[in-house]
Amino acid sequence: MITVAYVGFGVSVREYHIPYVENREDVRVKYVYRRQEDIAQFAEYEPFYPEITFTTDFQEVLQDQTVDLVVVAAPDQFHVSYAKEILNAGKHALIEKPFAPTAEEARQVFALAKEKGLVCMPNQNRRFDADFLAVRQVLESGKLGQPVRLESHYDYFKTHGWYDHLGTLYNLGVHTVDQVISLWGMPDQIHLDVRSIHHPGVGDDYYDLEFWYGNAKASVNTSMCVLIDYPRFTVHGTRGSFTLPPVIHNSGKKKVVGRHQISTQPAPEDRWGTLVYINEAGEKITEKVPVGCAHYERIYDSIIDAISGKAEKCVMDEEVVRVLEILQEATRIAKSHEKV
């Protein structure tokens with residue numbers, strides 16, 4: 001069994017971490033650390049977790065010899081400093097996205113983890129989104145033939161953009177770019193179309209990032225100017241095509257004070273994918289592809305296996321660095337648009 005401590009107590013910890021480990025026999029959640037000034041923000045949730053020790057003393061966590069893994073879900077600007085402090089204390093670390101502001105800082109953290117003989121990995125849990133798992137399943141089936149084109153869309157309609165500052169790439173693009181790299185590996189070449197529409201020079205509210213893999217191309221797209229449904233994923237191959245409906249944004253869901261409960265039910269049929277392909281007999285086949293539930297617990301499966309030496313991390317260091325290099329360059333382009 002590994003003992004876990006969390007840094008932060010926001011939505012990420014309450015909805016995407018604790019619910020996926022609280023019933024595991026190989027994980028014990030012992031601490032939640034948050035700064036004194038942050039307590040009031042989510043204090044109403046604390047009584048729902050009586051088995052957890054809430055502390056404002058980070059050294060209490062780091063000096064506890066029973067703690068094996070510290071998960072950082074603090075604001076982005078603190079990720080690197082917390083990661084280094086955790087590793088220097090001899091603890092393994094799981095860091096929320098974005099892992100670091102820059103590729104160079106990520107390299108420094110990974111070098112420190114290697115020096116200390118510890119496991120450090122980002123929480124790229126959206127590799128295990130239900131819809132993305134369906135895409136992977138279809139590609140692995142071979143029914144599409146040789147992949148030619150993959151489109152990933154995560155769009156909104158917001159009249160003033162998502163942020164009035166830079167942040168869309170590092171908070172959303174970090175996942176969608178990682179999904180492509182986890183699926184097809186390092187691209188042969190890239191092209192970055194990034195615009196700053198609602199807040200020129202200080203926002204990144206539109207991007208179309210293109211990645212070439214031989215004769216195949218993948219694109220990651222986000223816009224704040226999409227008012228009609230656009231498929232979440234579209235994949236074309238030499239024998240057929242596959243499409244999935246748009247995502248239901250979590251940002252629009254009402255938050256209920258209490259202990260978060262995850263659903264293991266499959267998606268309703270109107271969220272399933274459509275696969276059309278030519279079979280070996282030359283017949284055109286149309287199939288509905290079920291979409292199950294998210295499996296974010298697999299991040300913990302992976303880091304526990306890595307800590308025990310059973311397997312490598314599911315998110316490799318070089319993948320993290322490449323994603324951050326792409327985000328850095330894309331952000332530079334967004335900043336280059338003329339301010340008004």
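Each residue takes its place number in the sequence, starting with 1. Because the structure is predicted, anything quoted here is derived from the model rather than measured.
- In this structure, OG1 on T55 lies 11.0 Å from NZ on K30, to the nearest 0.5 angstrom.
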V226/F157 under side-chain contact (heavy atoms from CB on, under 4.5 Å): CA gap, chis, key distance, verdict: CA-CA 5 Å; V226 178; F157 184 81; 5.8 Å; no
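- Residues I190 and L192 meet the side-chain proximity criterion, which asks for heavy atoms closer than 4.5 Å.
- Within the 4.5 Å cutoff, the side chain of E269 has no heavy atoms near those of the K288 side chain.
- Side chains of V174 and Q124 form a contact here, defined as non-hydrogen atoms less than 4.5 Å apart.
- Ring geometry, Y300 versus H17: the interplanar angle exceeds 60°, so the pair is classed perpendicular (tilted spans 30 to 60°).
- Side chains of Q59 and E85: a donor on one and an acceptor on the other come within 3.5 Å.
- Cation-pi geometry between R34 and F9 is not satisfied (NZ or CZ under 6.0 Å from the ring centre, within 45° of the ring normal).
- A centroid separation of 6.0 Å or more is found between the aromatic rings of F128 and Y296.
- Using a 4.5 Å cut-off on side-chain heavy atoms (C-beta onward), L139 and W184 make contact.
- Between the side chains of S219 and E210, no donor-acceptor pair of N or O atoms lies under 3.5 Å.
- Here Y163 and Y170 keep their ring centres 6.0 angstrom or further from each other.
- The aromatic rings of Y49 and F54 sit perpendicular to each other, their planes meeting at more than 60°, with 30° as the lower class boundary.
- In summary, E318 and R107 do not engage in a salt bridge, as defined by a charged side-chain N under 4.0 Å from a carboxylate O.
- Applying the ring-ring contact (aromatic ring centres under 6.0 Å, His included) rule to pairs touching residues 70-91 yields F58-Y82, sequence neighbours excluded.
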Intermediate values then yes/no, salt bridge (charged side-chain N to carboxylate O under 4.0 Å, His left out), R127 and E319: CA-CA 13 Å; R127 293 186 178 198; E319 294 173 333; 2.8 Å; yes
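- Proximity of F99 to V109: side-chain heavy atoms (C-beta onward) are separated by under 4.5 Å at one or more points.
- For the 3.5 Å distance criterion, the side chains of S152 and R232 qualify, holding a donor opposite an acceptor.
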Residues K116, N88; criterion side-chain contact (heavy atoms from CB on, under 4.5 Å); working and verdict: CA-CA 8 Å; K116 299 290 184 179; N88 279 319; 3.3 Å; yes
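- Between the side chains of Q179 and T176, no donor-acceptor pair of N or O atoms lies under 3.5 Å.
- For the pair H236/P147, no side-chain contact is recorded, criterion being any heavy-atom separation below 4.5 Å from C-beta on.
- Taking a 6.0 Å sphere around CD of E104, one finds it holds more than 12 heavy atoms contributed by other residues, nucleotides or ligands.
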Full working for side-chain contact (heavy atoms from CB on, under 4.5 Å) between D178 and R126: CA-CA 9 Å; D178 176 75; R126 300 197 67 164; over 6 Å; no
Check against side-chain contact (heavy atoms from CB on, under 4.5 Å), H165 and V202: CA-CA 5 Å; H165 57 277; V202 294; 5.6 Å; no
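- In this model, no donor atom of one side chain and acceptor atom of the other lie less than 3.5 Å apart for Q146 and T238.
- No more than 12 heavy atoms of other residues, nucleotides or ligands sit less than 6.0 Å from atom NE2 of H160.
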Stepwise salt bridge (charged side-chain N to carboxylate O under 4.0 Å, His left out) test for R259 and E51: CA-CA 12 Å; R259 193 161 185 142; E51 78 281 10; 2.7 Å; yes
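- Side chains of H198 and D205: a donor on one and an acceptor on the other come within 3.5 Å.
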